[in-house]
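Read the structure below first, then the notes.
Along the sequence shown, residues are numbered consecutively beginning with 1. All values below were derived from every heavy atom in this structure, side-chain atoms included, with hydrogens, water molecules and symmetry-related copies excluded.
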Amino acid sequence: MPVHDVVAHLADTARTTCLGFVAGLARAGFDFDRQNARGVARERGATPRETLERLRRVAPRRPIPPAPLDSRLVEEVVHGEDIRRPLGLPRSYPQEAVVRSLRLQARTPASFGGAKELVARVRLTAEDADLSIGEGPEVSGAALSLLLAVSRRRAALDDLDGPGVTALSAAI
């Protein structure tokens with residue numbers, strides 16, 4: 001997804017209330033991808049600058065879609081990197097947020113946006129946190145890179161080491 005669309009997605013998410021989420025999902029025929037595409041189209045401005053301004057206006061809002069905190073952390077960290085990496089804007093995230101996000105992705109089925117099936121093939125070892133998940137050939141690296149890789153971001157694979165990288169890459 002292009003950076004412009006990721007920013008629009010975050011703006012849409014920031015505007016979404018619990019009731020709005022359920023109503024939007026029903027209007028989309030309970031197709032989450034369709035609902036997401038409609039939200040991106042709604043919030044995407046004519047220019048990236050306009051879309052960024054829309055995100056800035058809604059960022060302080062507190063109503064959120066019906067999702068647990070850990071799910072929101074995954075959304076913010078992974079999409080934050082979807083925006084920052086292509087633009088060359090490095091950021092350090094609180095380690096606890098990254099680890100919680102990685103743990104959630106590891107136990108959530110792919111059908112819900114997670115990586116449970118992917119993690120069943122390899123053992124993820126974070127070099128910067130006390131974290132090892134899964135069984136099989138090892139994939140090691142920073143927790144953030146592991147999170148991005150299991151969230152199907154191929155760019156993070158270059159940051160990882162170990163005999164399980166090939167299996168992880170093939171599964172993405």
Side-chain angles (χ1 to χ4, degrees), residues 1-14 16 18 21-22 24-25 28 30-40 64-87 89-172:
M1 184 181 289
V3 169
H4 191 171
D5 290 348
V6 176
V7 174
H9 169 66
L10 291 175
D12 179 57
T13 300
T16 303
C18 288
F21 176 81
V22 172
L25 192 57
F30 296 95
D31 181 325
F32 183 76
D33 291 334
R34 182 181 300 142
Q35 177 191 25
N36 186 51
R38 288 177 176 174
V40 168
I64 60 169
L69 174 61
D70 288 359
S71 177
R72 304 301 313 139
L73 290 173
V74 170
E75 179 96 352
E76 297 304 321
V77 173
V78 172
H79 287 326
E81 288 299 291
D82 288 342
I83 294 167
R84 291 173 175 285
R85 283 184 175 220
L87 299 176
L89 302 170
R91 182 175 194 289
S92 175
Y93 297 90
Q95 193 68 0
E96 179 186 355
V98 175
V99 168
R100 286 176 69 171
S101 297
L102 182 53
R103 287 186 190 280
L104 177 66
Q105 287 295 79
R107 69 177 182 266
T108 303
S111 59
F112 287 97
K116 184 177 182 178
E117 298 83 357
L118 224 118
V119 173
R121 300 175 188 175
V122 296
R123 185 177 76 236
L124 305 174
T125 303
E127 295 173 342
D128 56 349
D130 184 21
L131 179 70
S132 184
I133 301 171
E135 296 182 23
E138 184 175 59
V139 177
S140 62
L144 179 59
S145 294
L146 293 169
L147 171 62
L148 293 173
V150 301
S151 298
R152 293 168 177 74
R153 285 6 186 225
R154 296 193 72 77
L157 291 171
D158 291 341
D159 302 340
L160 303 175
D161 292 310
V165 172
T166 303
L168 183 61
S169 177
I172 297 179

Does Glu135, at its CD atom, have more than 12 non-hydrogen atoms belonging to other residues, nucleotides or ligands within less than 6.0 Å? no
Arg123 vs Ser140 side-chain heavy atoms within contact, under 4.5 Å: no
Taking atom CG of Asp70 and atom CD of Glu75, what is their separation to the nearest 0.5 Å? 13.5 Å
State whether the side chain of Glu138 and the backbone N or O of Asp161 hold a donor-acceptor pair below 3.5 Å, judged by distance alone. no
Given side chains that start at C-beta, do those of Arg100 and Leu104 come closer than 4.5 Å, heavy atoms only? no
Quick check: does any side chain N or O of Arg121 sit under 3.5 Å from a backbone N or O of Leu168, one acting as donor and the other as acceptor? no
Ser151 side-chain N/O to Leu147 backbone N/O, donor-acceptor pair under 3.5 Å: yes
Ion pair Arg85/Asp159, N-O distance below 4.0 Å: yes
Worked check of side chain to side chain donor-acceptor pair (under 3.5 Å) between His9 and Asp12: CA-CA 5 Å; His9 169 66; Asp12 179 57; 5.3 Å; no
Should Leu124 and Leu131 count as side-chain neighbours, where that means a heavy-atom distance under 4.5 Å? no
Side chain to side chain donor-acceptor pair (under 3.5 Å) between Tyr93 and Glu76: does it pass, once the steps are laid out? CA-CA 10 Å; Tyr93 297 90; Glu76 297 304 321; over 6 Å; no
4.5 Å side-chain heavy-atom contact, Gln105 and Leu118: no
Between Pro109 and Glu117, is any pair of side-chain heavy atoms under 4.5 Å apart? yes
Taking the side chain as every heavy atom from C-beta outward, state whether Val78 and Asp82 have any atom pair closer than 4.5 Å. yes
